[in-house]
Amino acid sequence: MRILLVEDKNRLREAIEKALRESGYAVDSTDNGNDGLWMGSENTYDIILLDIMLPGLDGLSVLEQLRERDRDTPVLLLTAKDTIADRVKGLRKGADDYLIKPFALEELLARIEALCRRSYKKSTSAITLNDLIIDSSAKTVKRDGNLIDLTAREYAILEYLAMRQGSVVSRSEIEEHIYDELVSPMSNVVDSAICNLRKKIAKGPDDAELIHTRRGQGYILMPKN
Amino acid sequence: MSSIRKNLFIWLLLGLTLLWAIAGAGIYLSVKQGEVTKIDSELQRMEGALRFIGGSTFRNPGPQRPDRLIVRPPRENFQPSENRTTSENRITQRWPDFLSAGGPKYIIWLNKDTIIRQSEGLSTKEFKFPEITDSNNPIFFNISLQNGDSMRAMASTFRRFGFGRPRPRGNEGMRRPNDESPAQNQEQNPPRNISLTGIIALNSKPMEQTLNTLLFGIIAIGIVAGFFSFSLVHFALKNGLKPLYALGNKLASVDSSSLSHRFSKIDLPVELSPICEHLNKLMERLEDGFERERRFSGDLAHELRTPIAELKMMAEVALRWPENNAESHANETLDIAQQLQEIIESLLALNRYDNGDEDPVYEKIPLHKFTKDCWDPFVQKAEEKKIKVTIKISNEHLIETDPKILRLIMNNLFSNAAEYTPSEGIIDISGNQESEGHIISISNSVENFDKEMLSHLFERLWRGDISRTDGSHSGLGLALSKACSKCLGLNLEAELIKSDQIKFVLSRTDIKS
């Protein structure tokens with residue numbers, strides 16, 4: 001999952017960024033509203049974390065302009081403004097959630113997960129595919145009851161494919177959603193990550209693949225026939 | 001508690017009652033006057049009869065000339081005719097009601113002691129000889145009879161021109177003067193040209209009955225009018241005060257969430273318009289005050305929540321994903337703690353100076369040296385930004401003040417000037433001794449600053465940077481300077497002397513006022 005973080009307080013932004021990366025999210029960040037609007041408009045993000053009081057363009061204006069540009073990316077407002085009027089105003093401008101500073105990291109992560117599920121129309125944090133169970137809350141993957149050890153990136157790719165199971169996901173989509181601007185995505189990075197994933201989630205050498213390649217189109221996570 | 005409605009009610013009701021009473025009395029008196037005039041006219045009309053009676057009391061034998069002494073034989077078969085012109089008949093013809101039963105009473109005096117004619121049964125105790133000074137003007141007065149009746153009387157004097165001695169005449173209702181003692185006393189012949197005094201009186205009972213009926217009618221109408229007035233005043237006050245009650249109800253519904261509401265003057269009466277205007281101005285001031293407080297609360301929340309959020313997030317991240325850069329984390333934590341401490345100390349100081357809890361200790365200080373000392377910490381920053389700084393203060397300029405508090409003011413003003421003056425801008429610090437009350441002024445270049453921002457400059461936690469990104473300022477400096485100035489009895493004001501230049505002036509309030 002790729003997240004855009006727009007926060008002008010350097011210390012807070014860096015701490016959130018680190019926490020999100022450590023949690024397996026790809027994160028792009030900026031400290032002003034103008035850049036935030038540009039990044040939100042030009043790139044595809046699964047979630048945008050947006051501060052309201054920003055230099056340049058304030059968070060609510062960024063949100064308003066994103067919605068005007070038909071960007072329906074879920075937006076979580078992070079702000080010190082705690083009045084009901086402020087919350088109502090933010091939600092009415094098109095925000096999907098509202099979190100008041102200071103907040104607990106656990107709560108922030110839980111809200112991000114909830115927004116992701118809502119975005120991909122999943123009602124629970126567990127995604128099941130035959131005997132493969134992906135717990136997006138605990139960030140764990142089990143196959144046939146056995147815990148599979150995945151890197152954060154591998155888990156993110158698998159979770160993304162699972163969120164869109166049954167649909168073909170192109171390589172560029174994986175790059176957009178899983179790799180942030182700090183990583184220069186190369187085609188073999190995605191391919192090798194998929195290759196590693198297949199190996200790790202397979203029960204044995206003869207086990208049928210869950211991740212299928214559609215030549216020229218991308219990858220699809222499908223149950224075994 | 002006094003009530004407008006009650007006061008108005010009492011005064012209006014009293015006023016209306018008085019009005020009704022005056023009107024009733026006016027009607028009664030004018031009718032009474034009319035009736036009296038009418039009866040007086042009647043008396044005047046009947047005075048002729050009195051004169052006639054007075055005149056006829058003395059027989060006039062005519063001139064005694066020898067050629068007229070012809071003895072005429074009595075006419076044969078002479079029968080007195082009813083149509084024969086007698087005194088009574090003449091009176092009856094000319095004053096038809098004079099001799100009637102309800103006719104007037106009269107009395108005629110030859111002089112004070114001699115009554116020559118009077119109505120039958122008349123008491124001289126009731127009809128006393130009148131003292132008439134002007135014979136041309138009769139006098140009118142009321143008489144109360146012993147039987148309880150009252151009469152309206154007219155007294156007048158008139159002359160009787162004639163000859164010889166009085167001829168006694170007898171009639172019903174009239175008496176010969178020699179029948180009674182007054183005439184008997186008049187043995188000698190009366191003078192030929194005599195002055196008689198008479199009183200003629202008419203029964204005033206019918207007039208009194210009319211007036212009594214009128215009085216009863218007026219009282220009855222007065223009672224009805226009283227009830228009507230009561231209802232009218234009650235209704236009028238209820239309706240008249242309705243807009244006031246409506247305004248009061250609207251005012252009662254105002255709370256902190258409806259301060260933007262303004263009272264409309266359209267439906268209000270003219271008398272309430274000024275009140276409405278004052279209320280709207282009050283609402284405006286309240287709204288401004290609440291808005292300022294809301295802004296302050298919001299800004300304070302932001303100023304306190306943000307560093308706490310930073311601390312919390314950093315701590316949680318450090319605990320969850322421990323790193324080796326503990327020193328960097330410790331420094332950042334220290335910075336945040338320092339920032340929070342400064343905000344809290346400034347707020348506490350602001351509260352102290354605002355409430356006047358600080359007692360200034362005054363002493364004389366050389367302003368030039370003091371200003372240079374205060375400016376020193378900002379010299380480096382000004383040089384980095386290539387700001388042109390000018391200090392125009394006389395070396396001999398001494399002021400009496402609390403140096404600790406003045407330093408706080410100057411530090412904030414100089415810090416502000418050094419921070420917000422753009423590169424290659426100017427800062428002028430001046431102590432103008434010639435201007436009365438002036439202590440010091442600091443003017444500096446500014447960017448993107450307008451009059452609207454000027455009006456918020458001294459508000460607590462107000463910052464030109466709406467996003468409040470820079471954590472090194474909290475927006476309390478100028479508010480604190482203002483409070484410190486107030487504590488020293490000084491006034492700190494700011495003005496835009498040019499579109500890109502702001503000037504802070506510190507002056508004495510007592511001189512200014």
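So you know, we letter chains A, B, ... as the sequences are listed, proteins then strands, and number each from 1. Every heavy atom of this structure was used, including side-chain atoms; hydrogens, water molecules and symmetry mates were not.
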Does atom [atom1] of [X] have more than 12 heavy-atom neighbours from other groups under 6.0 Å away?
| X | atom1 | answer |
| --- | --- | --- |
| B:Lys385 | NZ | yes |
| A:Lys139 | NZ | yes |
| A:Asp149 | CG | no |
| B:His278 | NE2 | no |
| B:Gln380 | CD | no |
| A:Ile84 | CD1 | no |
| B:Lys503 | NZ | no |

How far does CZ of A:Phe103 sit from NZ of B:Lys312, to the nearest 0.5 angstrom? 9.0 Å
Nearest 0.5 angstrom please: B:Ile336 CD1 to A:Leu12 CG, how far? 9.0 Å
Given a strict heavy-atom distance threshold of 4.5 Å, which part of B:Arg320 is in contact with chain A: side chain, backbone, both, or neither? side chain
Step by step, would you call B:Val317 with A:Glu22 a side-chain contact (heavy atoms from CB on, under 4.5 Å)? CA-CA 9 Å; B:Val317 169; A:Glu22 293 289 349; over 6 Å; no
Quick one: closest heavy-atom pair of [X] and [Y], and the distance?
| X | Y | value |
| --- | --- | --- |
| A:Lys18 | B:Trp321 | CE-O, 4.2 Å |
| A:Ala80 | B:Thr306 | CB-OG1, 4.3 Å |
| A:Pro102 | B:Ala309 | CB-CA, 3.5 Å |

Does this structure show an ion pair linking A:Arg11 with B:Glu310, if we count only N-O contacts that are shorter than 4.0 Å? yes
Please check: side-chain N/O of B:Glu316 versus main-chain N/O of A:Leu105, any donor-acceptor pairing under 3.5 Å? yes
Is it the backbone or the side chain of [X] that comes under 4.5 Å from a heavy atom of chain B, or both, or neither?
| X | result |
| --- | --- |
| A:Glu106 | both |
| A:Leu78 | neither |
| A:Ala85 | neither |
| A:Asp82 | side chain |

Name the option with the most non-hydrogen atom pairs under 4.5 Å to chain A; the candidates are B:Glu332, B:Arg294, B:Glu303, B:Met314. B:Glu332
Quick check for you: among A:Lys9, A:Lys81, A:Lys101, which has the greatest number of heavy-atom pairs under 4.5 Å with chain B? A:Lys9
